[in-house]
Number of protein chains: 2
Amino acid sequence: MAMKIGELAERAGTSVKTIRYYDRVGVLQPEERSEAGYRLYGDDALERYRFVRAAQAVGLHLGEIRQILALRNRGETPCGYVVELIGRRADELDARIDELVTLRDELRHLTKRAATLDPRRCDPKLVCHVIRQDA
Amino acid sequence: MAMKIGELAERAGTSVKTIRYYDRVGVLQPEERSEAGYRLYGDDALERYRFVRAAQAVGLHLGEIRQILALRNRGETPCGYVVELIGRRADELDARIDELVTLRDELRHLTKRAATLDPRRCDPKLVCHVIRQDA
DNA sequence: CTTGACTCTCCCCTTGAGGGGAGACTTTAG
DNA sequence: CTAAAGTCTCCCCTCAAGGGGAGAGTCAAG
């Protein structure tokens, strides 16, 4: 019934190191330890591992995931908190996307402008006229 | 004429640490060293610093900037290389933006779906039904 | 009983662009 | 001349999610 870390790692398709790390940061802790100190996991460990991965996949940090699991362990339904986190992450993504789009457009613009410039007329005092240093 | 690192940092509006770091990675090296080993910079140092910042601002790493400056120091016009780097960076941004947009849309979708779910009907075996762990 | 496979903890390493601080010199102002 | 300020190198630290390996203990099969 209780599996050791190697079996869990294999069943989860990950490394022993990762499982140990998840224990250390508190997102996937063993049910108990054997007399020799071996981590022993129940069957729900695999499912919990999958949750952690799924939560990571939607952009949550392990610290946040730990909070969610802590709520869960206290018997509360963490859904509200999860929705809040996800909404916040989505807002951050919006902002980040805006930044990246702005930067990308600027780069494309620089590329276009560079095509109209003669490299031989590059100001020797500047490193490269393609990059504007008007700041 | 020759300024020491503190003056350059102040004129550039940055820290002495940063200037030293730029020396170490080879994007802004002093013209010479004083007898006591102090870094001595010429007047073009400020301009070069601004170029480094501008290049960073368009997403180039210091390693790439060093390449550009190396070309420049060999007397070549690095414009072609710069255009190539910028094009590559823009392509990377496109890919990254796609990823982020996909993730954001997924998050928004999760949020909408969560609004239709009853937290009290959260499967006790799952941590939270908002995050799907179908993987 | 022994050997090979697991497992444990502990420590350092990774990326990028620096920041903080120690301890030793050097320069500058009064 | 002295004290303060500036500069030098060297070393560790940051963040995230682990990876690599050492050295020691443990467990299973032959």
Side-chain angles (χ1 to χ4, degrees), chain A residues 1-41 45 48-69 85 89 92-93 96 103, chain B residues 1-41 45 48-69 85 89 92 96 99 103:
Chain A
M1 197 60 178
M3 39 183 174
K4 285 181 290 185
I5 197 170
E7 186 183 345
L8 175 57
E10 189 170 3
R11 288 221 268 170
T14 186
S15 71
V16 167
K17 278 284 188 185
T18 298
I19 303 291
R20 274 203 203 99
Y21 180 66
Y22 283 4
D23 180 11
R24 196 153 67 83
V25 299
V27 293
L28 180 56
Q29 276 155 342
E31 263 182 16
E32 53 172 349
R33 294 278 188 140
S34 78
E35 229 168 296
Y38 284 19
R39 291 170 179 84
L40 298 179
Y41 296 89
R48 175 161 288 208
Y49 171 81
R50 292 206 189 98
F51 173 78
V52 173
R53 282 300 185 182
Q56 275 187 304
V58 297
L60 300 184
H61 302 308
L62 292 180
E64 293 167 330
I65 298 170
R66 178 162 32 80
Q67 303 295 325
I68 295 170
L69 292 168
L85 278 181
R89 193 66 67 243
E92 288 169 14
L93 282 178
R96 185 72 183 137
L103 180 55
Chain B
M1 196 60 178
M3 37 183 176
K4 283 180 291 185
I5 197 169
E7 186 183 346
L8 175 56
E10 188 168 4
R11 288 221 268 169
T14 186
S15 72
V16 168
K17 279 282 187 186
T18 297
I19 304 289
R20 276 203 202 99
Y21 180 66
Y22 283 4
D23 180 11
R24 197 152 66 83
V25 300
V27 294
L28 180 55
Q29 274 153 343
E31 264 181 14
E32 53 173 347
R33 293 280 189 138
S34 80
E35 229 167 295
Y38 284 20
R39 291 171 180 82
L40 299 178
Y41 295 89
R48 174 161 289 207
Y49 171 81
R50 292 204 189 100
F51 173 78
V52 173
R53 282 300 186 184
Q56 276 187 302
V58 297
L60 300 185
H61 302 309
L62 292 180
E64 293 168 331
I65 298 170
R66 179 163 33 80
Q67 304 294 325
I68 295 170
L69 293 167
L85 279 181
R89 194 66 66 244
E92 287 169 14
R96 184 76 183 131
E99 283 177 20
L103 180 55

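Each chain gets a letter, A, B and so on, in the order its sequence line appears, and its residues count up from 1.
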_Side chain of B:Val16 (C-beta onward), nearest among C:dG19, D:dT7, C:dC6_ = D:dT7
*Atom CZ of B:Arg39 to atom P of D:dT7: distance rounded to whole Å?*
10 Å
*In whole angstrom, what separates B:Asp23's CG from D:dC10's C1'?*
15 Å
_Minimum-distance nucleotide (side-chain atoms of B:Ile5 versus C:dG18, D:dC8, D:dG18)_ = D:dC8
*asked:* What is the separation between atom CE on A:Met3 and atom P on C:dT7, rounded to the nearest whole Å?
replied: 12 Å
*Check whether any side-chain N or O of A:Thr18 sits under 4.0 Å from OP1 or OP2 of D:dG19, and answer yes or no.*
yes
*Looking only at side-chain atoms of B:Ser15, point me to the closest of D:dG18, D:dG20, C:dG19.*
C:dG19
*Decide yes or no for B:Arg53 and B:Tyr22: does some side-chain heavy atom of the first lie under 4.5 Å from some side-chain heavy atom of the second?*
yes
_Separation of atom CD in B:Gln56 from atom P in C:dA17, rounded to whole Å_ = 6 Å
*Distance in angstrom units between B:Tyr49 OH and C:dA17 P, rounded*: 13 Å
*Compare the minimum distances between each of D:dA16, C:dA17, D:dG6 and the side chain of B:Tyr38, then state the nucleotide with the smallest one.*
D:dG6
*How do B:Lys17 and B:Arg24 order along DNA chain C: which one's closest nucleotide is nearer the 5' end?*
B:Arg24
*Closest nucleotide of DNA chain D for A:His61 versus for B:Gly6: which of these residues is on the 5' side?*
B:Gly6
*Out of D:dT7, C:dG18, D:dG20, which nucleotide sits closest to the side chain of B:Lys4?*
D:dT7
_Distance below 4.0 Å between A:Tyr22 side-chain N/O and D:dA17 OP1 or OP2_ = no
*Are the side chain of B:Arg33 and the backbone of B:Tyr38 linked by a donor-acceptor contact shorter than 3.5 Å?*
no
*Is the backbone of A:Val25 close enough, under 3.5 Å, to the side chain of A:Arg66 for a donor and an acceptor to pair up by distance?*
yes
*Spacing of B:Ile19 atom CD1 relative to C:dG19 atom C1', expressed in whole Å*: 14 Å
*Quick one: on DNA chain C, does B:Gly63 or B:Arg20 contact a more 5' nucleotide (nearest heavy atom)?*
B:Gly63
_Without decimals, in angstroms, what is the distance between A:Glu10 CD and C:dA5 C1'?_
13 Å
*Minimum side-chain heavy-atom gap B:Leu69-B:Arg48 below 4.5 Å*: yes
*Main-chain N/O of A:His61 paired with A:Glu64 side-chain donor or acceptor, under 3.5 Å*: yes
*What's the closest nucleotide to the B:Arg33 side chain, out of D:dC8, D:dT26, D:dA17?*
D:dC8
*asked:* Just the rounded figure in Å: distance from P of D:dA16 to CZ of A:Arg66.
replied: 11 Å
